[in-house]
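Everything on this sheet refers to the single structure shown next.
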Amino acid sequence: MTLDRPEARNGCTRHMADEIAAALLLADNDPGLRVVVLTGAGEDFCVGADLAAGKGQDKEFTTTVDDETAAQVRGGTYQEPAGVVTRVPYAMNKPVIAAVRGAAVGVEATMLLPADFRLAGTDTGFSFPFSRRGIVPEGASTWFLPRLGRHTSHRARVGAPHFSVR
C-alpha cells in the first residue's frame, strides 16, 4: 500500500486517513494477501498533516467542524484522523511492514508505530512535533512510543526536533 501524493510530499488529509484505514481493513480481510507493506511515493514517507489541502473548498483543517463531526463529538464516538489510522493495523491479523524513507512526520510517523516491522532507509528522519507546537500527541502515540524503547520514546515525547535512524 503506497501513500501516493508525492506532489504534497504525501501530506495526510482527513480523507486520506479514512482511505488508509479502509484499505487496511480490506487487506486484512483478503485471504489472498499474507502481509501488508506500507510505503510512500516520492522522496518522503509523509511530512505530516497537509494543513493546506482543500483550501478554498471548505475541506481544509480549520477550527470549525462540520455537522457530522460535531455529532460524533457530542455522541462520544469521534476519533481523530491518526486514531482512525493507528487502531486498524494494531488490530490486524496480518503482519504490517512499514518501509520508510525520507521524512516521517506527525500523523504518519504515528501511523508507523503499530506496524509489526518498521524498516527505514539511511535517509529517514522521524519527528513527533506535537509538544513543541503545544498540541496533544495523537493516534495513541503516547501509548505506542514507550513500546519502542525508552531512549526513542523519550526523544520523541519531549520534542526532539528530529531524529534519524543513524
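Scope of the values below: all heavy atoms of this structure, side chains included, with no hydrogens, waters or symmetry mates.
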Main-chain N/O of [Y] paired to [X] side chain as donor or acceptor, under 3.5 Å:
X	Y	result
N10	C46	no
D44	G102	no
T39	A99	yes
T124	V100	yes
R101	G42	yes
K94	R34	no
R9	E43	no

Residue pair [X] / [Y]: nearest heavy atoms and the distance that separates them:
X	Y	answer
M1	A23	SD-CB, 3.7 Å
P95	V35	O-CG2, 3.3 Å
A109	S127	CB-O, 4.0 Å
A41	D4	CB-OD1, 3.4 Å
G40	F45	N-CD1, 3.7 Å

Between atom [atom1] of [X] and atom [atom2] of [Y], what is the distance when rounded to the nearest 0.5 Å?
X	Y	atom1	atom2	answer
L25	D30	CG	CG	12.5 Å
F126	T110	CZ	OG1	11.5 Å
T13	D50	OG1	CG	7.0 Å
Q72	D67	CD	CG	11.5 Å
T86	W143	OG1	CH2	10.0 Å
L3	L38	CG	CG	7.0 Å

| Passing candidate, side-chain contact (heavy atoms from CB on, under 4.5 Å) with F128, options V107, V105, L113 | L113
| message | Among M111, M92, E19, R87, which residue satisfies the side-chain contact (heavy atoms from CB on, under 4.5 Å) criterion with L24? | response | M92
| field | Residue pair E108 / L112, side-chain heavy-atom distance below 4.5 Å | value | no
| request: May I have the step-by-step check of side-chain contact (heavy atoms from CB on, under 4.5 Å) for D18 and R14, ending in yes or no? | output: CA-CA 6 Å; D18 292 339; R14 174 71 189 232; 4.0 Å; yes
| message | With a 4.5 Å cut-off on side-chain heavy-atom distances among I, L, V, M, F, W and Y, is there a chain of contacts connecting V85 to Y78? | response | no
| request: Step through the shown structure and confirm whether more than 12 heavy atoms of other residues, nucleotides or ligands are within 6.0 Å of CD on E68. | output: no
| note | The complete set of ring pair (Phe, Tyr, Trp, His ring centres under 6.0 Å) pairs with one or both residues in residues 8-33, sequence neighbours excluded, reads none
